[in-house]
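Each remark here refers to the structure printed beneath this line.
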Amino acid sequence: MKEQFMKKAIELALQARKEGNEPFGAILVKDNDIVKIGENKVNTKHDPSYHAELGLIRDYCSENQITDLKEYTLYTSCEPCVMCSGAMVWSNLGKVVYSVTHDQLAEIAGDNIMISCRDVFKNSPLQPEVEGPVLNEEGLKVFEGYSFS
């Protein structure tokens with residue numbers, strides 16, 4: 001199931017790229033069921049905080065009137081940034097699984113705030129379980145020919 005979920009997150013990253021956004025996708029899973037999908041919408045929503053993971057967490061929690069995701073796993077096409085990792089902490093996310101590492105993204109994107117989600121979590125009151133990279137080669141293909149502006 002893990003690879004199947006990650007493939008879906010990677011597909012969403014490709015979809016985001018096709019729609020003119022940055023190539024990141026995420027899905028939220030509970031009891032082996034996808035309950036929410038998300039993709040980066042920074043450009044289409046004109047919102048620099050609308051990363052795939054943060055947008056997904058914000059929308060899902062609001063729609064379901066919950067703030068505790070300890071029973072959920074978030075699959076994401078790329079290791080979450082500091083902002084998204086913070087949202088995972090504050091929503092008490094149970095687990096995050098990623099494909100592309102923050103070191104790999106730093107090489108692709110150039111200068112950026114690149115702190116491992118594990119580093120964010122180890123210094124936080126709530127600490128989601130972390131697994132990754134998963135389907136790393138497939139995740140990296142999303143960035144082929146892509147240029148961050």
Side-chain angles (χ1 to χ4, degrees), residues 1-69 71-118 120-121 128 130-149:
M1 294 295 283
K2 174 175 49 179
E3 285 81 13
Q4 178 184 345
F5 291 141
M6 187 56 71
K7 283 182 183 180
K8 179 65 176 170
I10 292 168
E11 287 172 15
L12 289 164
L14 286 168
Q15 181 64 33
R17 182 176 172 175
K18 288 177 188 170
E19 292 174 5
N21 292 297
E22 294 180 349
F24 302 100
I27 63 167
L28 190 63
V29 174
K30 183 179 182 189
D31 299 326
N32 286 324
D33 288 323
I34 297 173
V35 296
K36 185 76 175 169
I37 62 171
E39 59 189 59
N40 181 290
K41 295 183 181 180
V42 165
N43 295 327
T44 54
K45 288 197 175 270
H46 306 284
D47 179 352
S49 72
Y50 209 106
H51 291 194
E53 303 93 337
L54 180 57
L56 181 151
I57 289 169
R58 180 190 301 138
D59 293 347
Y60 184 79
C61 288
S62 178
E63 291 164 4
N64 292 279
Q65 299 181 357
I66 62 172
T67 56
D68 189 340
L69 300 178
E71 297 177 10
Y72 297 78
T73 299
L74 194 149
Y75 290 82
T76 180
S77 61
C78 193
E79 185 173 355
C81 73
V82 173
M83 177 182 66
C84 292
S85 295
M88 292 173 191
V89 169
W90 298 124
S91 65
N92 196 25
L93 181 69
K95 182 175 183 178
V96 61
V97 182
Y98 64 84
S99 176
V100 175
T101 71
H102 75 284
D103 286 339
Q104 291 171 318
L105 181 61
E107 281 188 35
I108 295 165
D111 291 336
N112 210 326
I113 302 171
M114 293 294 168
I115 299 171
S116 166
C117 67
R118 286 181 172 90
V120 174
F121 298 155
V130 180
E131 184 176 346
V134 172
L135 297 182
N136 188 249
E137 289 183 24
E138 290 90 332
L140 286 169
K141 288 180 184 173
V142 173
F143 296 100
E144 288 179 359
Y146 185 80
S147 175
F148 286 89
S149 31

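Keep in mind that this is a model prediction, so the values were computed, not measured.
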Verify the neighbour count for atom CD of Glu137: are there more than 12 heavy atoms of other residues, nucleotides or ligands below 6.0 Å?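 No, not enclosed.
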Do [X] side-chain atoms and [Y] backbone N/O form a donor-acceptor pair below 3.5 Å?
X     : Y      : value
Thr76 : Ala26  : no
Ser62 : Arg58  : no
Asp33 : Val35  : no
Glu22 : Asn40  : no
Ser99 : Val134 : yes

Could you walk me through whether Phe143 and Leu105 pass side-chain contact (heavy atoms from CB on, under 4.5 Å), step by step? CA-CA 9 Å; Phe143 296 100; Leu105 181 61; 4.0 Å; yes
Between [Y] and [X], is there a side-chain heavy-atom distance shorter than 4.5 Å?
X      : Y      : result
Tyr72  : Ile66  : yes
Ser77  : Tyr98  : no
Glu79  : Ser116 : yes
Ile57  : Trp90  : no
Lys141 : Glu144 : yes
Glu19  : Glu39  : yes
Val96  : Pro80  : yes
Asn21  : Tyr50  : no

Which atom of [X] lies closest to which atom of [Y], heavy atoms considered:
X      : Y      : result
Gly86  : Val120 : N-CG1, 4.5 Å
Asn43  : Gly20  : ND2-O, 2.7 Å
Gly38  : Ala52  : O-CB, 4.0 Å
Val100 : Asn136 : CA-ND2, 3.7 Å

Lys/Arg-Asp/Glu bridge criterion (N-O < 4.0 Å) met for Glu131, Lys95: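 Yes.
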To the nearest 0.5 angstrom, please state how far the [atom1] atom of [X] sits from the [atom2] atom of [Y].
X      : Y      : atom1 : atom2 : value
Leu28  : Tyr75  : CG    : OH    : 10.5 Å
Ile34  : Phe5   : CD1   : CZ    : 5.5 Å
Glu107 : His102 : CD    : NE2   : 11.0 Å
Leu93  : Leu69  : CG    : CG    : 6.0 Å
Ile27  : Lys7   : CD1   : NZ    : 12.5 Å
Cys84  : Leu56  : SG    : CG    : 10.0 Å

Under the side-chain contact (heavy atoms from CB on, under 4.5 Å) criterion, do Glu63 and Lys36 qualify, and how do the steps go? CA-CA 10 Å; Glu63 291 164 4; Lys36 185 76 175 169; 2.9 Å; yes
